[in-house]
**Q** 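Pasting a structure here, questions to come.
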Amino acid sequence: MSPNLRIAYRFLTAKKRAMLMSLACTILGVGLFIVTQATTRGFEEFFTKTLLGINGALRIEDKMQDTMRSLQAAGSSDAYFAQREGVKLIEGIEEPQLIAGAVRGFPNVRAVSAVVRGNVQVTSSFKTEDAQIFGINLEDHIRVSDLAQQITNGTLADFRDSAGGALMGRVLADRLQLGVGDSFVLAARGQSRSVRVAAIFETGYREADKTNVYLHQPAARSLLKKPAGASFLQVMLHDPERAPLDAARMKQVLGHDVKPWQEREKTWLAVFRALRISTGITVTVFTLIASLAMFNTLAMIVLEKTKDIAILRSMGYERRDITQIFLWQAGIVLAIGAVVGAGFGVGVTWLVSLVPLPINGIFKTDTFIVAWSGMPLFIAQAIATALVMVMIASLVPARRAARLEPGDIVRGTAQ
Amino acid sequence: MSTVQTNPGELALRCTNLHRYLGQGEGRVHVLKGVSFEARRGQVYAIVGPSGCGKSTLLYLLGLLDQPDEGQIEINGAAMSNSDDFARTRARGGHIGFVFQFHFLMLEFTALENVMMPMRKLGRLTPAEMKARAHGLLDSVGLGAKTHRLGTQLSGGEQQRVAVARALANQPTILLADEPTGNLDVKNSALVFDLLTRLAKEQGQAVVLVTHNPEIAQRCDFTRPMRDGLFV
Ligand SMILES: Nc1ncnc2c1ncn2[C@@H]1O[C@H](COP(=O)(O)OP(=O)(O)O)[C@@H](O)[C@H]1O
Ligand SMILES: [Mg+2]
C-alpha cells in the first residue's frame, strides 16, 4: 500500500460518522441513478418495441416524382423556376415485388411486407365503427411485426386457414361486442363483405387496437377494388437505431418516400426524452448531495488534522502528497460507494420490477418495466457521475490542506 | 545507511542576519532581529533564553518550516532561503530531523508507524529495512516494548521519545529539537540527551537543541544564550 493511501485510510477511519454519512450518500446516489435509468429506459425501450412490433422500423410509401420535366415539356422558358416546383407524389407502390426485392438488398433489412390499406366501416349486430383494414400476406407480415405475439383470443392458425377470416384489435372488438368466431360486415366504396373474427389481438397501443383489422390480401383487394399494387411496404431492420440512415438511402435509390420510426413517433420519443432529462436532473441532485457530504467530511478532517499535515510536511511530504492523501480518502469512499451502490441499485431495480403497475394505452404491461440489458451501462454511468462530482468536490479541501504552511500550523496561526 | 559521512567539523547549517516579523498590523512583532548562527557536524549546540525570546521561531526557520523576512539560510552548503516549496520540502525530508516542542505524534498510528513515516516518504530503504530501523530507534529511546501502541496510548514523555526516534529516522545531517526533554523525567531526559550526543559523535550529525535545563545546556559543546530576538 502506498504511504499516502495508508495515511488516507487512517484519517478516514478516525472520522467514522462523517465518513459513513458521505458513504451512505454516495451509495444512495449511485443506486438511485441506476434505478431511475433502468426504469425510464425500460419504459422507453418497451414503448419502442411495441411501436416497432406494430408498424415496423421503416415504412416505404408514395413515390416522389420530379415535376420539373413535365413543366419543361409544357414549354416553360425558365428552367430554374421549374426546378423549384418540387415533387409530385404518386400514391402507393405500383410494383411492390420489384421494390421489395430492391429493399431486401440493403444489408440492414431483415424482412419486408407489402400491405394494402383502406378505410372501412365495420358493422356488427350491435353497432358500426370506422376502421382501417390492412391486407397482408401473413407469413411476410409476422416477420415485420409482432402480430403473432399480440394475439390474445383465438389463434393465428385459425386466421391462416380461413380466407374470409380477420384479425381484429381488442378495443374495436369490445366496442362492437364481437368475439372470436362472430361475423361482421365490412363496407367500403359501396362494396360490402361479411367477415369472421378469426382472432383478436392486443398491441397495448390504443390507436392500433381501436382501428386495425387485418385481412388476407386477396380479400382486401377485392373489397377496396385494388387489384394490383400496395399502399406501403413495412420493413423490419436488424438494427432499428440505424433506420434514419437506411431511410435516407432508400429514398435516394428508390425514389419513394421512406419514413423511419423515429420520425413517425417523434412526439412520443420527445416525451420520453423529456422524462429522461427530468429523472437525470433528479439523479444528479442525489449525486450532488453525495459530493457535498464528501466535501463536508474532508473539510472537517482537514481542520482536525492540521497538526498531522504540519508533521507530514516537516518530514518531507510534499504539497502533492497532502493533496493525494485527501483525494485518496474520497477515492476510498467512492470505491466502496460504487460497489455497494451498484449492488443496491441492481437490488432495488429488481424489487421495482416486481411492483404491479397495469398500463394500457401506449403499451401494455402489468408491472414496472426495467431495462436489464442496459444495466452495465447504467452502472458505469452512475459510477462515472459520482466519480466526477465527488472528486471535484474533494479537490477544494484537498488543495486547501496542501496550501497550509507548516510554520503557520506549528505556531497555531493557520487560518 | 551512508547518508551521513562522518566528517566532523564540516559546516552543516549556517544562517546570517535572520529577521522575522510575526503578527498582523498593530500586533506585528519584530521577533528575530538579525540572528546569525552556524552549526557543524559532530557538535551539539544548546540555545537557551527566556520564554518568548524567539527560540522556537528561529528553529522553525532553520528547519525550513517557515521563511525569514530577511537573511540567508544554508543547509549543507545550499542556499535555501529563496528556494521554492518543493526544494525546501526535499531538504526537510533528506537532511533535517525536527523534534517539536509539543511532541506532535500522529495519533491514529502506532509508535512504529510514526517512526517509519519519514522513511516511507524518502523511500531509501526496503519495507523490511524500514521496520528493522524503526524498531532499533525505538529501542534506543527505551520504547522497544511499546512499538505497537497507538499515539493515544502513550504518555506525554513516551510520545516525546517517539518523536525523537522519528526525527532520526532518515539519518538527517541536522537535528533540530525544540525543548526535547521538556516533558521528560530526569532518567528519560538523560536517555534522550545521551542518544542525541552519541549520534552527533558517532555519525557526525549537527544537533541544535533549545532547552531550559541548565544541566543539559552545560553538557552541550556550545551554548548560545538568546535574549529578545538576538544572541547575546
Ligand atoms: N502569530 C504571532 N503573532 C505575533 N507574535 C507572535 C506570534 N507567534 C509568536 N509570537 C511572539 O514571538 C515571540 C517569540 O516566540 P517563540 O519563538 O515561540 O519564543 P520561545 O520559543 O523563545 O519561547 C513571542 O514573544 C511571541 O509572543
Ligand atoms: Mg518555544
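Here is how names work: the chains are called A, B, and so on, in the same order as the sequence lines, proteins then strands, and each is numbered from 1.
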**Q** Considering only heavy atoms, which portion of Leu22(B) lies under 4.5 Å from any heavy atom of chain A: side chain, backbone, both, or neither?
**A** side chain
**Q** Taking atom CD1 of Ile311(A) and atom CZ of Phe100(B), what is their separation to the nearest 0.5 Å?
**A** 6.5 Å
**Q** Does atom CE of Met391(A) have more than 12 heavy-atom neighbours from other groups under 6.0 Å away?
**A** yes
**Q** Taking salt bridge (charged side-chain N to carboxylate O under 4.0 Å, His left out) as the cut-off, I'd like each qualifying pair that reaches into residues 18-46 of chain A, sequence neighbours left out, listed once.
**A** Glu44(A)-Arg276(A)
**Q** Using non-hydrogen atoms only, which part of Leu312(A) is less than 4.5 Å away from chain B: side chain, backbone, both, or neither?
**A** side chain
**Q** Looking at residues at least two apart in the chain, or sitting in another chain, which of them share a ring-ring contact (aromatic ring centres under 6.0 Å, His included) with Phe368(A)?
**A** Phe43(A)
**Q** Does CH2 belonging to Trp350(A) count more than 12 external heavy atoms closer than 6.0 Å?
**A** no
**Q** Which residues satisfy the side-chain contact (heavy atoms from CB on, under 4.5 Å) test with Ala167(B), sequence neighbours excluded?
**A** Val99(B), Leu175(B)
**Q** Tell me whether the count of non-hydrogen atoms from other residues, nucleotides or ligands lying under 6.0 Å of CZ in Phe286(A) goes above 12.
**A** no
**Q** Check chain A and chain B for donor-acceptor pairs under 3.5 Å and report each one on its own line.
**A**
from, atom 1, to, atom 2, distance (Å)
Arg10(A), NH1, Glu108(B), O, 3.1
Arg10(A), NH1, Glu113(B), OE1, 2.9
Arg10(A), NH1, Glu113(B), OE2, 3.4
Arg10(A), NH2, Glu113(B), OE2, 2.8
Lys305(A), NZ, Glu108(B), OE1, 2.7
Lys305(A), NZ, Glu108(B), OE2, 2.7
Arg313(A), O, Arg92(B), NE, 2.7
Arg313(A), O, Arg92(B), NH2, 3.3
Arg313(A), NH1, Thr89(B), OG1, 3.2
Arg313(A), NH2, Asp85(B), OD1, 2.8
Arg313(A), NH2, Asp85(B), OD2, 2.9
Tyr317(A), OH, Met117(B), O, 2.7
Arg319(A), NE, Asp85(B), OD2, 3.1
Arg319(A), NH2, Asp85(B), OD1, 3.2
Asp321(A), OD1, Lys121(B), NZ, 3.4
Asp321(A), OD2, Lys121(B), NZ, 2.8
Gly407(A), N, Leu65(B), O, 2.9
Arg411(A), NH1, Asp66(B), OD2, 2.8

